[in-house]
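These notes are about the structure you will find just below.
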Amino acid sequence: MEKMTSPYKWGMVIDLDRCTGCGACVVACQAENNVGLCDKKEIAEGRDMHWLRIERFWVGEYPDVRVRFLPVLCQHCHDAPCEPVCPVYASYHNPDGLNGQVYNRCVGTRYCGNNCPYAVRVFNFYPHDWPKPLDNQLSPDITVRSRGVMEKCTFCVQRIRRAKEEAKGEGRMVRDGEVQPACAQTCPAEAIVFGNMADPQSRVARLSRSPRRFRLLEHLGTHPSVYYLKGGGREHV
Amino acid sequence: MSESHESYSSHESHKTNGTHATNETKTVGQLNDELLSSLRPPTRRWYLLAFFLGAVVAWGLFAFTWQVTHGMYVTGKDRPVMWGFYITGFVFWVGLSHSGTMVSAILRLSRANWRRPILRAAEAMTVFSITVAGLFPLIHLGRNWIFYYLIPYPNQRGLWPNFRSALLWDVTAITSYIIGSSIFLYLGMLPDLAVVRDRSHGWRRKLYTVLAMGWRGTAREWVVYHQASTLMAALIIPVAVSVHSIVAWDFAVTVVPGWHSTIFPPYFVIGAILSGVAAVITLMIIIRRAFHLEEYLTPLHFDNMGKILLVISLLWSYAYFVEVQTTWYAHEPIEWEVFSFMANKYTFLLLLMLVGNSLLPITAMCFKRLRRSIGVMLSVSLLVNVAMFIERFLIIVPSLSHKNMPFIWGSYRPSWVEISVNIAALAGFALLYTFFAKLFPIVAVTDVRELEVREARVPLGRAEVPTVAGEE
Ligand code: SF4
């Protein structure tokens with residue numbers, strides 16, 4: 001991998017054995033990031049605005065069928081296919097290894113959406129509004145996006161920013177577990193672990209060395225920052 | 001050589017073509033009259049046509065405004081198919097724009113004399129279709145009102161567009177091609193503008209006076225003119241080839257299964273030339289009919305264009321075969337899935353595309369009788385263009401609908417907005433063309449006359465020799 005310019009390299013590990021597909025992370029993400037609320041019609045059209053989705057698939061033949069869940073969010077690829085295709089640099093890489101998205105800069109070519117192999121970028125097709133009293137819970141730390149732009153998971157960059165600033169004020173590094181994105185914080189089964197991959201002692205780094213680890217579509221060479229731990233130990237029926 | 005030109009380019013429209021009278025029956029004046037007949041005052045039919053086309057364009061504008069005021073949801077686009085009819089239209093029109101370069105520049109450099117009566121029409125087609133094509137990416141943007149972010153302009157924030165993005169290569173290539181082909185068209189028109197300047201009155205005279213830039217037709221001017229147009233012809237070909245290669249890179253540089261293929265640039269260029277040639281044939285037939293140019297656009301021209309169509313169609317079929325065959329041979333499951341999805345879901349379109357682009361042109365264009373029949377040529381060329389549009393569609397949509405992970409598979413259906421905009425683009429192109437044909441000589445008068453001079457023979461002793469030995 002290329003030379004690091006920052007002591008942080010944020011990463012995530014998702015333990016598929018622990019995931020129950022409850023969907024708490026989806027809701028938490030929606031609330032934390034001012035993700036647009038979609039009505040029935042929009043969802044029926046497939047234009048829902050979730051930055052994180054839970055894929056469900058079936059294994060085995062009837063009657064011995066099991067269901068498995070796979071939470072898919074932006075993988076924050078190190079060689080992100082979405083980045084070089086953006087003509088205006090709205091999709092960019094930050095020194096911490098995050099794949100950022102500048103909503104104000106996005107003109108909506110949707111080229112990145114085509115080139116993301118995981119299809120986790122969501123386009124704002126509709127103008128969204130938050131009916132009262134939901135507007136009161138909009139987070140002030142993050143923009144409310146207009147229609148016509150591309151959105152995606154940012155690993156809750158606003159939280160990371162705050163933690164880094166606090167740590168800097170105290171003259172130290174961000175401690176392991178000090179910052180968590182909303183999805184990880186909400187996951188009742190603690191299936192999602194977030195942290196600094198650059199620190200070999202952090203929980204994510206240790207988990208990511210597990211023999212169960214894999215990354216999605218690794219053959220494409222995108223080098224995702226999200227590791228999955230293979231499920232199948234305990235089945236969820 | 002220049003002297004003979006000089007006498008023709010002068011504005012004495014009634015002077016007979018004295019020197020080459022041996023087998024020349026027409027006077028220069030008659031010739032000019034016939035070739036410039038398109039410039040006569042518009043008839044009622046012309047107004048009706050223009051009005052009709054204008055109405056369609058207005059409808060398209062309405063649809064576009066609708067999209068801007070409401071949001072992209074009025075189109076059929078959806079996750080994961082983020083590109084649809086607009087980009088199809090874009091690639092298609094960029095393809096059509098290759099006609100002018102093909103007919104005018106390539107045939108000029110290869111010294112095919114029969115090209116002369118059609119070259120202006122083809123060059124104008126290039127300019128208009130690339131203009132129409134350039135509009136599509138802008139229409140397609142989610143936030144069209146800040147399209148200028150794509151332009152590298154100095155700003156306080158020090159922000160530049162991303163030159164790693166193929167979309168920016170597009171912007172660059174299309175702009176160069178619009179500029180290049182406009183210059184090419186204009187340059188070739190200079191002597192003709194001088195001819196019409198000398199024959200017109202009123203505001204038209206003023207317009208042509210400015211445009212003709214004081215052309216008088218001196219020997220020096222002709223020499224420079226010939227050098228410049230040959231140079232331009234040589235320069236515009238690489239631009240044309242690169243423009244469509246770049247459009248192909250929009251797809252080839254991605255990691256989308258079905259797009260990520262090295263055959264794309266040559267394949268796209270060949271497809272572009274195929275649709276361009278077909279469009280020129282259609283246009284030739286329309287112009288021939290509209291302006292009564294039966295004498296200048298003879299079956300010979302259709303015969304020759306038919307042969308070109310045959311060759312290009314063979315090339316296209318080969319490229320298509322290579323694309324499918326390499327995928328089949330590699331048998332990458334994800335990629336193969338895209339192909340089988342296309343074959344299953346779009347069977348009809350796929351067959352129509354294969355018939356229109358290879359089966360029909362290849363079989364029909366083998367026969368001289370069919371190549372010389374106007375009706376056959378019209379239907380073949382129209383079908384080729386329909387098939388070409390389908391080809392672009394089939395490149396874009398199936399790949400996006402079935403990429404990588406089954407969870408996100410989807411499909412796409414164009415909405416009324418996208419269809420309206422696409423139809424309006426066609427109408428807008430036709431409208432531009434209608435105006436152009438009324439304002440400027442649609443047949444390259446001087447080029448046609450030059451040919452007549454070349455072919456004329458003068459008596460020399462007892463023998464008859466051609467007036468001019470070689471070309472250019
Ligand atoms: S997962 Fe998709 S959106 Fe996220 S960095 Fe990779 S290519 Fe970009």
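Here is how names work: the chains are called A, B, and so on, in the same order as the sequence lines, proteins then strands, and each is numbered from 1. Not measured: the values here are computed from a predicted model.
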Next on the checklist: If you count heavy-atom pairs within less than 4.5 Å of chain A, which of Val253(B), Val256(B), Val171(B), Val81(B) leads?
Outcome noted: Val256(B)
Next on the checklist: Using every non-hydrogen atom in the two residues, find where Ile408(B) and Pro117(A) come nearest and quote the distance to one decimal.
Outcome noted: CD1-O, 4.3 Å
Next on the checklist: Below 4.5 Å, heavy-atom pairs only: which of Pro406(B), Pro137(B), Gly142(B), Gly410(B) has the largest tally toward chain A?
Outcome noted: Gly142(B)
Next on the checklist: Is it the case that atom CZ in Phe147(B) sees more than 12 heavy atoms from other parts of the structure closer than 6.0 Å?
Outcome noted: no
Checklist entry - What part of Pro81(A) is in contact with chain B, defined as an atom under 4.5 angstrom from a non-hydrogen atom: side chain, backbone, both or neither? => result side chain
Checklist outcome for this item: Of the listed Gly221(A), Cys86(A), Ala90(A), the one with the largest count of heavy-atom pairs under 4.5 Å with chain B is Cys86(A)
Checklist outcome for this item: Scanning both residues in full, the closest heavy-atom pair of Ile146(B) with Cys106(A) reads CD1-O, 3.7 Å
Item to check | Flag if over 12 foreign heavy atoms under 6.0 Å of CH2, Trp328(B) | outcome: no
Item to check | chain A contact via Leu400(B) - which portion, at a heavy-atom distance below 4.5 Å | outcome: side chain
Checklist outcome for this item: Residues passing the ring pair (Phe, Tyr, Trp, His ring centres under 6.0 Å) test with Phe389(B), sequence neighbours excluded, are Phe85(B), Phe92(B)
Item to check | Heavy-atom proximity to chain A below 4.5 Å, by part of Ile87(B) | outcome: neither
Cross-chain donor-acceptor list, chain B and chain A, 3.5 Å limit, no angles:
| unit_1 | atom_1 | unit_2 | atom_2 | d |
| --- | --- | --- | --- | --- |
| Val68(B) | O | Arg147(A) | NH1 | 3.1 |
| Val68(B) | O | Arg147(A) | NH2 | 2.9 |
| Thr69(B) | O | Arg147(A) | NH2 | 3.2 |
| Tyr73(B) | O | Arg47(A) | NH1 | 3.1 |
| Thr75(B) | O | Arg47(A) | NH2 | 2.7 |
| Lys77(B) | O | Arg47(A) | NE | 3.0 |
| Lys77(B) | O | Arg47(A) | NH2 | 2.4 |
| Arg79(B) | NH1 | Ala119(A) | O | 3.4 |
| Met82(B) | O | Arg110(A) | NE | 2.9 |
| Trp83(B) | NE1 | Thr109(A) | O | 3.0 |
| His140(B) | O | Arg110(A) | NH1 | 3.3 |
| His140(B) | O | Arg110(A) | NH2 | 3.1 |
| His140(B) | ND1 | Arg110(A) | NH2 | 3.1 |
| His140(B) | NE2 | Thr109(A) | O | 2.9 |
| Gly142(B) | N | Val107(A) | O | 3.2 |
| Gly142(B) | N | Gly108(A) | O | 2.8 |
| Arg143(B) | N | Val107(A) | O | 2.9 |
| Arg143(B) | NE | Cys106(A) | O | 2.9 |
| Arg143(B) | NH2 | Tyr103(A) | O | 3.2 |
| Arg143(B) | NH2 | Asn104(A) | O | 2.9 |
| Arg143(B) | NH2 | Cys106(A) | O | 2.7 |
| Asn162(B) | N | Pro87(A) | O | 2.7 |
| Asn162(B) | ND2 | Pro84(A) | O | 3.4 |
| Asn162(B) | ND2 | Cys86(A) | O | 2.8 |
| Ser165(B) | N | Pro84(A) | O | 3.3 |
| Ser165(B) | OG | Val85(A) | O | 2.5 |
| Asp250(B) | O | Tyr111(A) | OH | 2.4 |
| Val255(B) | N | Asn115(A) | OD1 | 2.8 |
| Lys403(B) | NZ | Gly113(A) | O | 3.1 |
| Lys403(B) | NZ | Asn114(A) | O | 2.5 |
| Lys403(B) | NZ | Cys116(A) | O | 3.3 |
| Asn404(B) | ND2 | Pro117(A) | O | 3.3 |

